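Here the structure comes first, spelled out in structure tokens, and everything after it is commentary.
Treat the numbers as computed from the prediction; the structure is a model and nothing was measured. Chain letters run A, B, ... following the sequence lines, proteins first, then strands; residues in each count from 1.
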Amino acid sequence: MKSVENILPKLVIAPGFILGFAFIYGFMIWNGVLSVTGSRMLPNYDTFVGLDQYVQLWQMDRWYVALTNLGIFSLLYVGGSMAIGVFLAIFLDQKVRAEGLLRTIYLYPMALSFIVTGTAWKWILNPSLGLEKLMHDLGWTSFQFDWLVQSDTAIYCVVIAGIWQSAGFAMALFLAGLRGIDDSIIKAAQIDGASLPLIYWRIILPILRPVVFSTVLVLSHLSIKSFDLVMALTNGGPGYATDVPATFMYTMSFTRGQIGLGAASATMMLATVAAIVVPYLYSELRAKPHDR
Amino acid sequence: MIAKHWPRLIVYGVLVVAAFFFLIPMYVMIVTSLKDADQIRSGNLLSLPSGFNIDAWQLAWSSACTGVDCRGLKPYFWNSVSMAVPAVLLSTAWGAINGYVLSMWKFRGSEVLFGFLLFGVFMPFQVVLLPMSQVLGFLGISSSISGLVLVHSLAGMAGTTLFFRNYYTAIPRELVNAARIDGAGFWRIFWRIVLPMSTPIMMVTLIWQFTNIWNDFLFGVAFSGADSKPITVGLNNMANTTSSVKNYNVDMAAAIIAGLPTILVYVLAGQYFVKGLTAGAVKG
């Protein structure tokens with residue numbers, strides 16, 4: 001009886017874990033294998049080409065565009081969401097009326113699909129009927145806002161919509177962090193004559209460092225995975241001006257018939273995420289036993 | 001006295017302006033969906049519709065075209081429902097069992113196992129797209145709703161396991177130990193003690209999974225066939241159709257329809273939604 005009790009838990013989770021690990025690590029390896037084959041329209045495991053796909057990838061102009069866009073997007077999206085999020089959290093933390101309502105308003109975009117918000121922003125940022133027309137109607141006739149259709153500015157439209165979607169999320173995380181801080185710290189500093197902004201900058205934000213870390217982690221991994229927003233807002237266009245690695249991977253694999261190349265770009269994405277996440281997971285899991 | 005009130009005014013001013021920034025797109029979607037083509041051309045983003053015109057909504061729901069298919073969003077909506085419901089239930093049940101074992105029946109190496117599983121929460125799903133489409137092909141369920149259910153259940157398992165495991169670690173061990181001394185076994189403890197205490201985390205996980213799966217686009221666009229496209233794909237195809245006349249009012253109505261289920265969940269179960277978001281973000 002004892003032995004059954006001992007192996008039962010393992011038996012129960014085994015199927016899930018086997019499938020889960022196959023899904024995560026098995027497919028990771030499988031994708032890696034595909035990336036060293038010459039697969040085009042269909043997977044072709046007989047044509048080993050070594051690192052050719054990677055060499056080709058890194059020689060593609062389009063891949064560089066995708067990487068540059070990812071850089072611009074990540075930096076501004078993570079930075080912008082965090083900056084707005086932390087400000088809103090601090091302001092909301094000043095014992096304001098209707099806090100619940102305001103929080104609800106700031107956070108609701110997060111419940112929506114990027115496809116939904118992308119569709120909405122596409123209409124707002126539309127040069128001839130959207131924001132530009134509104135400004136003209138308001139009397140500012142020289143106002144011009146055609147970022148969405150210009151290849152060198154379209155990516156910033158993706159940033160605007162992305163920040164709109166995620167700033168409330170950053171706010172929620174920071175607010176939760178702020179609520180965990182003892183009020184007496186602020187009181188004590190105020191008695192010492194420190195101004196409120198200074199208190200937040202010098203005392204509160206440093207205490208919030210773990211929250212800052214996890215927010216950066218989550219937002220930056222979201223930005224590397226970002227696919228839907230670009231697809232809905234610009235479809236990667238004009239041309240491929242707003243391509244990011246995620247849309248690049250999809251286009252190569254599913255519409256261009258370049259499976260090997262698509263797999264190689266997926267591996268690059270994986271490497272980037274792993275570089276950010278693995279150290280974090282490692283430190284989190286190592287710290288665990290001591291906490292409990 | 002006025003000087004004393006300045007900071008409060010600034011605080012409220014900033015908060016209200018921010019609220020407008022977040023609300024305007026929703027406002028624009030709603031008013032645009034109630035306008036007809038003439039009003040869209042003559043008015044502007046913020047102008048109110050001249051009447052309560054729900055033609056665009058009817059079109060979006062039942063007869064707008066995506067490509068050659070002119071059945072509106074209705075079939076896509078039901079595809080999403082029949083994909084999300086089983087996938088949400090399956091991945092949640094899976095996470096509950098996994099979390100239960102990983103927190104209360106720890107064995108040597110279970111922490112390491114958990115750590116490896118955790119990477120699945122962060123992994124860019126682009127890596128699994130190509131192998132998965134092959135596997136779905138082998139299984140004969142590519143381009144079907146059951147294929148999508150399988151993918152979402154697998155993709156969601158790491159996250160749901162994380163939620164339940166973290167929640168269960170906080171349950172006092174004495175409770176379980178006492179039950180064990182009384183002779184309760186693995187399943188009995190789960191059904192009688194652990195599960196009845198799980199309502200809060202169950203809610204969080206169900207809502208989290210529902211929003212994720214309902215809102216998914218990547219798997220939907222990569223793995224669905226003509227008759228199994230989820231609503232996000234339907235909406236995107238509708239809004240990105242390159243036809244001569246763009247019906248922005250129909251697009252906006254369609255976008256609202258696609259967002260309605262998750263917005264409803266957010267409004268009705270907001271606190272659990274926020275808990276899910278923050279739990280998914282901060283805990284490791």
Side-chain angles (χ1 to χ4, degrees), chain A residues 5 8-10 12-13 16 19-20 23-24 27-28 30-31 34 43 88 91 94 96 102 104-106 108-113 115-116 119-120 123-124 130 133-134 137 169 172-173 176 214 218 221 224-225 227-228 231-232 235 246 249 253-254 259 262-263 266 269-270 273 277 281 284-285, chain B residues 11 14-15 18-19 22-23 25 28-29 32 44-46 94 97-98 101 105 107 111 113 115 117-120 122-124 126-132 134 154 157-158 185-186 211 215 217-218 222 232 235-236 239-240 248 251-252 255 258-259 262-263 266 270 273-274 277-278 281-282 284:
Chain A
E5 275 301 75
L8 187 61
K10 294 176 205 169
V12 168
I13 60 164
L19 282 175
F23 182 78
I24 302 169
F27 284 6
M28 239 178 238
W30 191 339
N31 179 78
L34 276 173
L88 291 179
F91 277 78
Q94 308 304 314
V96 296
L102 288 167
T104 308
I105 291 171
Y106 299 157
Y108 87 89
M110 199 70 197
L112 291 169
S113 165
I115 297 294
V116 171
T119 309
W123 160 231
I124 295 170
K133 185 163 187 293
L134 172 69
D137 288 354
F169 169 57
L173 294 186
S214 43
V218 172
H221 112 273
I224 294 167
K225 285 161 125 180
F227 171 72
D228 343 18
M231 291 299 273
N235 206 356
M249 187 274 160
S253 309
F254 292 92
I259 283 182
M269 291 178 67
L270 176 68
V273 171
V277 169
L281 289 183
E284 277 282 305
L285 289 169
Chain B
V11 166
V14 169
L15 290 174
F22 286 103
L23 281 176
V28 167
M29 283 165 87
T32 308
N44 62 44
L45 273 185
L46 302 181
W94 221 342
I97 295 280
N98 286 345
V101 171
W105 299 84
F107 48 88
E111 288 290 293
L113 216 57
L117 186 71
L118 210 52
F119 188 66
F122 295 97
M123 175 181 65
Q126 275 73 19
V127 174
V128 303
L129 283 187
L130 290 165
M132 193 75 217
Q134 290 236 281
L154 282 169
M157 191 184 70
F186 178 83
T211 34
N215 287 342
F217 179 69
L218 180 64
T232 46
L235 169 64
N236 188 56
N240 278 328
Y248 284 106
D251 287 356
M252 289 305 111
T262 50
I263 282 289
Y266 175 63
F273 177 80
V274 178
L277 277 180
T278 44
V282 199

Highest number of heavy-atom pairs under 4.5 Å with chain A: which of [options]?
options: B:L23, B:T211, B:I97; result: B:L23
options: B:L117, B:V28, B:V274, B:D251; result: B:L117
options: B:V11, B:V127, B:T262; result: B:V127
options: B:P131, B:A239, B:A258; result: B:P131
options: B:V14, B:L130, B:T32, B:L235; result: B:L130

With a 4.5 angstrom heavy-atom cut-off, could you sort out which part of [X] is near chain A: side chain, backbone, both or neither?
X: B:Y248; result: side chain
X: B:Y266; result: side chain
X: B:T232; result: both
X: B:M123; result: both

What I'd like to find out is whether the side chain of [X] reaches to under 4.5 Å of the side chain of [Y], using heavy atoms alone.
X: A:I124; Y: B:P25; answer: yes
X: B:N215; Y: A:I115; answer: no
X: B:F119; Y: A:L270; answer: yes
X: B:M29; Y: A:W123; answer: no
X: A:N31; Y: B:M132; answer: no
X: B:M157; Y: A:L19; answer: no

Among the listed options [options], the residue most often paired with chain B at heavy-atom distances under 4.5 Å:
options: A:L102, A:L112, A:D228; result: A:L112
options: A:N235, A:I224, A:T104; result: A:T104
options: A:G20, A:A172, A:A176, A:G16; result: A:G16

- Among A:Y108, A:F169, A:Y106, ring-ring contact (aromatic ring centres under 6.0 Å, His included) partner for B:F22: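 With B:F22 as partner, A:Y108, A:F169, A:Y106 yield a single ring-ring contact (aromatic ring centres under 6.0 Å, His included), made by A:Y106.
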- Message: Once ring-ring contact (aromatic ring centres under 6.0 Å, His included) is applied, do any residues pair with A:F27, and if so which ones, sequence neighbours excluded?
- Response: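 A:F23, A:W30.
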- Which residues satisfy the ring-ring contact (aromatic ring centres under 6.0 Å, His included) test with A:F254, sequence neighbours excluded?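 For A:F254, the residues satisfying ring-ring contact (aromatic ring centres under 6.0 Å, His included) (neighbours in sequence not counted) are A:Y250.
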- Determine, stepwise, if the pair B:F107 / A:I13 fulfils side-chain contact (heavy atoms from CB on, under 4.5 Å). CA-CA 12 Å; B:F107 48 88; A:I13 60 164; 4.0 Å; yes
What part of [X] gets closer than 4.5 Å to chain B, counting heavy atoms only: side chain, backbone, both or neither?
X: A:L88; result: both
X: A:M28; result: both
X: A:V277; result: side chain

- Message: Can you tell me how far apart CG (B:N236) and OG1 (A:T119) are? Round to the nearest 0.5 Å.
- Response: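 Those atoms lie 6.5 Å apart.
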- Message: To the nearest 0.5 Å, what is the distance between CG on B:L15 and CD1 on A:I105?
- Response: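 If I round to the nearest 0.5 Å, the distance is 10.5 Å.
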- Closest heavy-atom pair and its distance - B:G115, A:L281: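 It is O-CD1, 4.5 Å.
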- Query: Closest heavy-atom contact between A:M249 and B:Q126?
  - Reply: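 For A:M249 and B:Q126, the tightest heavy-atom pair comes out as CE-O, 3.4 Å.
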